[in-house]
Amino acid sequence: MEGDTSASPDADIQNNNRALIFVKPNDASSTDNGWISRLQWGTNNNWRTATRPEASPELSFAKAFTDDNAGEVCIIKYAYGGSALVDDGSSYVNGLWQVDANPANVNGLPHYSNMVNNFIIPCVNKARAGGVDLDLVAFAWCQGESDATSLVRSSGYEAALIALINQLRTDLSSYRATTRVIQPIITRIHNNFSPARTYQNQVRTALENVAAYFGQTVINSDSYPMEADNVHWTAAGQRSHGEAIYTKFAQLL
C-alpha cells in the first residue's frame, strides 16, 4: 500500500484537484500534526518518507473516482511496509496491527491505534472544523505478506482481521456523518512470491473468508505485474490496484 519507488506513476494520475488526502510528516505518534491537502504525487501521497516518490494505489483510485463523480473524495492513508497483523508473542520490528497486541511486541508501532487515533479521527475533526462532515465509506486493506511466513500468524490471521474491522466500526461510530457502516475493501495477497511464502495459501484463504464474513469479495491481485523481487507490484501494478479498489468503492456509494 505504500507504493512502488522504481518508476514514476503515469502523468495523468500524479495530481488531482478533486481528491484530498490527510498529510502527515514522518511521525505517526501525534494526534495533531496533520492537515488536509489536494493530492499531489511526490508531495503528500505517503506520510512516512520525506520525498514521497511512490507510485501508489491512491493515485489511480482518485483518478477513477473523479472521472466518475462530480464531487470530492478524501483519502486517509496509513500504511507501513513490512508490518504484520498477528501478535505471535514476540517483538516484531515493523509493528503489529492486531487490536489487542501486547505493547511490548509492537516495537513502538501499534498500527491500529496509530491509524485510528492519529490519522482517521484527527482528519475527521479537522474537516469538521472546516465545515465538512466526512462520510466514512470504506476501509481498504492490503496486507499479509509478513504473516504468510509464520504458522502462528497465518493461523490467527482471519480472527484478528475480523476483530480489527469490527473494532474500527465501533471506534468510528460516533465520527460518521451518516448512518452508513464502514465496509472493508480487501485485497488478497498475490501468489507470485519466489520462493513461495510457506503459509501464503492460508493467508489468502483467510482474506477471502474475512471478505465473505462482511458480505464482500476480495480483489484478485495475482495478475498485477511484479518487480524483480517477486514481492512488490510495479507502478503499472499499483495503478491496477488503485483502479480495482475504486471499482469496489463505487459499489458502496
Side-chain angles (χ1 to χ4, degrees), residues 1-83 111 114-116 118-143 177 185 187 219 224-225 227 232-250 253:
M1 291 293 273
E2 283 195 306
D4 174 66
T5 58
S6 65
S8 299
D10 297 329
D12 66 322
I13 62 172
Q14 290 187 10
N15 304 304
N16 194 313
N17 288 330
R18 285 196 290 116
L20 306 171
I21 191 165
F22 188 56
V23 184
K24 293 273 279 190
N26 192 15
D27 177 12
S29 65
S30 174
T31 61
D32 194 36
N33 65 338
W35 61 95
I36 300 170
S37 184
R38 301 289 170 181
L39 179 61
Q40 183 177 12
W41 171 72
T43 300
N44 57 24
N45 61 297
N46 194 358
W47 70 271
R48 76 180 188 108
T49 55
T51 56
R52 298 171 177 85
E54 294 83 3
S56 41
E58 69 277 358
L59 302 173
S60 54
F61 167 86
K63 174 70 163 55
F65 176 91
T66 54
D67 281 351
D68 280 0
N69 300 276
E72 295 180 323
V73 64
C74 183
I75 299 162
I76 308 171
K77 179 177 179 178
Y78 179 82
Y80 201 100
S83 56
H111 292 307
N114 285 347
M115 176 183 71
V116 171
N118 300 346
F119 281 73
I120 299 177
I121 291 174
C123 181
V124 170
N125 287 338
K126 288 176 186 292
R128 282 184 178 170
V132 176
D133 274 340
L134 295 181
D135 183 7
L136 300 178
V137 176
F139 168 60
W141 176 264
C142 176
Q143 187 277 341
I185 297 175
T187 302
I219 292 172
Y224 298 167
E227 293 290 349
H232 299 96
W233 297 313
T234 63
Q238 293 286 351
R239 178 165 189 154
S240 294
H241 187 211
E243 291 168 348
I245 293 172
Y246 173 70
T247 297
K248 295 286 189 182
F249 183 83
L253 297 180

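Remark: side-chain polar atoms of Q143 are paired, donor with acceptor, to backbone N or O of S83 under 3.5 angstrom. W47 places a side-chain N or O within donor-acceptor distance of the main-chain N or O of A79, the cut-off being under 3.5 Å. K77 places a side-chain N or O within donor-acceptor distance of the main-chain N or O of N45, the cut-off being under 3.5 Å. Between the side chain of R18 and the main chain of V73, no donor-acceptor pair closer than 3.5 Å is present. Of the possible donor and acceptor atoms, none in the side chain of W141 sits under 3.5 Å from a partner among the backbone N and O of I185.
Two residues are said to be in side-chain contact when any heavy atoms from C-beta on lie closer than 4.5 Å; R38 and E72 meet this criterion. Within the 4.5 Å cutoff, the side chain of C123 has heavy atoms near those of the I36 side chain. In this structure, the side chains of H241 and I245 come closer than 4.5 Å at one or more pairs of heavy atoms. In this structure, P122 and W35 have side chains that are not in contact, with every pair of non-hydrogen atoms separated by 4.5 Å or more. No side-chain heavy atom of N46 sits under 4.5 Å from any side-chain heavy atom of E58. In this structure the side chain of D133 never reaches within 4.5 angstrom of the side chain of D135, judged on heavy atoms. Looking at H232 and Q238, their side chains never come closer than 4.5 Å, going by heavy atoms from C-beta outward. Looking at L253 and V137, their side chains come closer than 4.5 Å, going by heavy atoms from C-beta outward.
In this structure, CD1 on I76 lies 9.5 Å from CE on M115, to the nearest 0.5 angstrom. For the atom pair CZ of F61 and CZ of F249, the computed distance is 4.5 Å after rounding to the nearest 0.5 Å. Considering CG of N114 and OH of Y78, their distance stands at 4.0 Å, rounded to 0.5 Å. Note that CG of L59 is 9.0 Å distant from CH2 of W41, once rounded to the nearest 0.5 Å. Between R48 atom CZ and K24 atom NZ the span is 14.0 Å, to the nearest 0.5 Å. With rounding to the nearest 0.5 Å, the separation of CD in Q14 from OG1 in T43 is 10.0 Å.
Ion pairing between R239 and D4 fails under the 4.0 Å rule for side-chain N and carboxylate O.
S29 and D27 share a side-chain donor-acceptor pair at under 3.5 Å. Side chain to side chain, D68 and Y246 meet the donor-acceptor criterion of an N or O pair below 3.5 Å. For T66 and N16, the side-chain atoms include at least one donor-acceptor pair closer than 3.5 Å.
In terms of the side-chain contact (heavy atoms from CB on, under 4.5 Å) criterion, residue partners of N44 (sequence neighbours excluded) are, by chain and number, I21, V23, S37, L39, Q40. Residues satisfying the ring pair (Phe, Tyr, Trp, His ring centres under 6.0 Å) test with F22, not counting sequence neighbours, are none. Every residue two or more places apart in sequence or in another chain that forms a side-chain contact (heavy atoms from CB on, under 4.5 Å) with S240 is listed here: Y224.
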